[in-house]
Amino acid sequence: MKKALEIRIRGIVQGVGFRPFVYQLARQHRICGGGFNDTEGVLIEAEGDPADLEQFVRDLSDKAPPLSSVMSVETSDRRPAGRTDFVIEKSRSTGKRLAFYSPDVAVCDLCLSEFFDTADRRHLYPFITCINCGPRFSIVSDIPYDRGNTAMDPFPMCDACLAEYKDWTNRRFHSQPNACPVCGPRLSLVDASGAPVPVPDGRIAEKTVELLKGGKIVAIKGTGGYHLAANALNDTAVGELRRRKRRPFKPFAVMTGSIGAAERMAVVSPVERELLLSRERPIVLLKEKGELMSRLVAPGLSYQGLMLPSTPFQHNLFSIDPEMVLVMTSGNVSDEPIEYCDETALARLGRIADYFVTYNREIIGQGDDSVLYVVDVKPFFVRRSRGYVPVPFLSSESPRTILAAGGDLKNSFAIARSRYIIMSQYLGDMADPLTYAVFKKTVDHFIRIFDAEPEVIVSDLHPGYLTRGHAEDMASSGRRLIEVQHHHAHIVSVMEEHCLDGPVIGIAFDGTGYGTDGALWGSEFLIAERGSFERAAHFSYFPLPGGESAIHDVWKIGLSLLHGRFGRDYPFMERDERSAGVIEVIEKKINSPLTCSIGRIFDGVAAILSISRSVSAEAEAAQLLEETALRGKPPARPYIIPFPDSDPIVIETDELTGYVVSLMEQRASVGDIAAAFHASIVRTAVDVAKRLRERTGIGSVALSGGVFHNRILLSGMMEKLGAAGFTVYTHKAVPCNDGGIALGQVAVAKELLKKVGL
Ligand code: ZN
Ligand code: ZN
Ligand code: FE
């Protein structure tokens with residue numbers, strides 16, 4: 001008895017070898033009918049034995065080609081038409097198309113074996129790729145995804161490449177970046193002045209290894225921009241890179257040639273191993289095994305960012321010396337965006353790099369490496385970029401095309417169109433003018449390549465945010481502007497990832513976020529739904545002397561905390577002219593906005609404990625406090641900060657400061673104090689959540705905010721909340737920091753638009 005189905009497949013299913021895959025799968029399962037691309041994805045009419053059909057439908061998502069991303073498979077029954085073969089039909093277009101591109105992924109095994117095969121016509125050709133691997137997002141300039149709308153446009157295919165491109169049984173069928181040494185892009189090696197370094201053909205990798213081992217810094221043009229490479233085992237080289245890059249603290253990522261080499265440097269769990277070897281090839285933060293690398297790679301930190309080679313050229317470098325360990329950090333000066341334009345690279349990076357390995361193909365969609373870490377076998381994003389962007393999130397139908405600008409720190413923006421939400425790559429901090437320029441340019445780029453002219457613009461509430469200014473500019477031409485509170489956006493981004501409508505108890509432990517009362521929030525317990533929230537609890541306010549610039553002078557925050565608890569008779573921190581000035585600023589309320597940010601409390605406590613006085617990067621002091629806590633032991637019975645049964649509940653920050661000082665007076669070790677401080681926050685937060693559950697009956701908790709990058713806090717909260725019977729939701733596909741808020745902004749806006757019937 002034959003059965004027939006219409007099968008609708010949504011996601012990234014075009015330009016990734018999906019139709020040949022469907023054809024082969026249909027043959028394999030004796031399915032008749034046909035399939036074609038249309039504006040919504042792929043549509044298949046299939047008929048066959050019920051068991052065969054069932055297996056066919058399952059395999060459509062389970063065995064889909066590597067670069068596809070099947071987001072939904074919907075089937076509906078049809079009457080069998082008695083078809084006797086399976087055909088791939090012409091594409092059908094019905095109106096506006098939804099364009100999707102796959103991300104840039106690592107070279108595949110088949111291409112890599114050809115790359116190292118001396119008999120292959122692409123032997124050691126660094127731009128070898130196929131339908132299953134290589135660059136995509138970074139080379140797209142416009143829709144539709146045809147070669148003419150990519151950075152490959154200046155490279156017409158030779159006959160041999162064209163034959164592969166046209167043969168649908170070939171791995172390079174319709175592979176837009178298809179190229180070979182005859183027709184494709186070329187690599188070159190130049191010195192810092194741009195003069196070519198004379199190297200025999202095909203020997204650039206060997207020469208590069210020689211330079212790196214000789215202590216030189218080499219800028220290497222990768223997928224989304226330049227990396228700065230240096231020998232990670234050489235103190236002088238790494239120290240010089242830090243000095244020239246003006247980056248005293250922030251850790252550098254390293255690259256090893258193989259998973260085996262990675263395992264010699266760091267502890268690698270099965271989940272971490274899988275991430276390292278995935279085609280996305282992110283940087284994974286791993287616990288270092290010993291002092292194998294230069295101490296200057298990640299000073300004072302026990303976790304080290306590590307990645308494996310993803311491009312053919314990187315593989316080539318490590319084939320020459322498999323034991324090499326390279327610093328591979330984004331090619332930029334301090335907080336500027338990653339360098340990706342050949343015209344400016346030499347001028348900007350020429351003061352840092354001694355040599356450049358570059359190539360004559362333009363990078364259109366720039367981007368940094370993605371960064372993840374694993375806590376309790378779950379991967380979490382620090383930065384979602386290369387390998388993951390622009391895979392869309394499947395969501396509910398959006399009533400309008402929406403652009404959400406995100407925030408000013410660690411920016412990533414989002415576009416909602418139809419049933420999809422697309423997040424941009426990590427763009428960085430808007431305080432840097434070049435980064436702001438890249439933000440504006442990337443917004444325009446996304447609108448073009450996703451054919452998504454926005455009708456509604458969303459921004460953060462913060463009046464000083466440049467992203468908000470840009471959102472207002474965009475909205476001035478008659479588009480609706482919706483403002484979303486920062487921590488509401490954080491919590492709803494978790495809800496969106498888990499398809500929750502709420503209400504939930506949202507806990508946002510954060511650095512900075514503008515509150516509805518004009519204060520800087522950041523220790524928020526929100527009873528949140530998608531469209532609204534109530535502020536149910538937070539830590540008490542304390543002044544931030546000097547405003548948000550205090551995130552660099554954390555000693556001022558320490559002083560503010562001590563002054564809040566002890567007044568002018570504060571212990572442990574110095575009393576000199578500078579501190580007297582800060583006290584005066586606090587008491588006279590001059591440029592001292594109020595905050596209740598947990599991130600700032602971490603900074604202040606790090607200063608009180610003399611772990612850090614001033615820092616070069618936001619959250620650096622907090623990171624060192626966590627690092628210190630890892631060396632200590634928390635008390636058997638952590639201190640729970642008493643809190644009143646008020647609405648909202650206000651947890652006294654002074655009590656926490658007093659507790660830290662009392663431990664210092666008892667001469668506890670700094671590690672033990674740091675550990676006790678962490679435990680106290682975890683236990684207090686869990687008790688507050690319990691109280692809110694008693695009041696509201698809500699048993700679901702969503703955790704977000706950049707402070708949850710702290711492993712002790714994150715795993716402590718997940719464990720203790722779970723033990724208290726809560727269902728705990730955490731981020732899985734976007735970062736908990738401000739890189740994730742655009743997803744929440746979009747979801748809030750959709751809900752508000754639905755409410756007003758738009
Ligand atoms: Zn390949
Ligand atoms: Zn060719
Ligand atoms: Fe935030």
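Both counts, for ligands and for their atoms, begin at 1 and track the order of listing. All values below come from the heavy atoms of this structure, side chains included, with hydrogens, waters and symmetry mates left out. As the structure is a computational prediction, the values presented were derived from the model and not from experiment.
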Centroid-to-centroid, [X] to [Y], below 6.0 Å?
X      : Y      : answer
Tyr23  : Phe21  : no
Tyr165 : His174 : yes
Tyr101 : Phe137 : no

(message) I need the SG(Cys180)-the Zn ion (ligand 2)-SG(Cys161) angle, rounded to 10 degrees.
(response)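 Value returned, to the nearest 10°, is 100°.
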
(request) Would you mind counting protein N, O or S atoms that sit less than 2.8 Å from the Zn ion (ligand 1)? (result)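 For the Zn ion (ligand 1), the figure is 4.
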
(message) Among the N, O or S atoms of Asp510, which one sits nearest to the Fe ion (ligand 3)?
(response)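 Asp510's closest N, O or S atom to the Fe ion (ligand 3) is named OD2.
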
(message) If I consider every N, O or S atom in Asp738, which one ends up closest to the Fe ion (ligand 3)? I only need its name.
(response)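 Looking at Asp738, the N, O or S atom with the least distance to the Fe ion (ligand 3) is OD1.
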
(request) Evaluate the ring planes of His486 and Tyr465, with Trp represented by its six-membered ring, and classify them as parallel (under 30°), tilted (30 to 60°) or perpendicular (over 60°). (result)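 Perpendicular: the ring planes of His486 and Tyr465 meet at over 60°.
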
(message) Which label fits His462 and Tyr514: parallel for a plane angle under 30°, tilted from 30 to 60°, or perpendicular past 60°?
(response)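 Rings of His462 and Tyr514: tilted, 30 to 60°.
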
(request) Measure from the Fe ion (ligand 3) to each N, O or S atom of His490 and report whether any distance is below 2.8 Å. (result)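 Yes, since at least one N, O or S atom of His490 sits under 2.8 Å from the Fe ion (ligand 3).
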
Heavy-atom distance under 4.5 Å between the side chains of [X] and [Y], does that happen here?
X      : Y      : result
Leu625 : Phe677 : yes
Val443 : Phe413 : yes
Asp369 : Ser385 : no

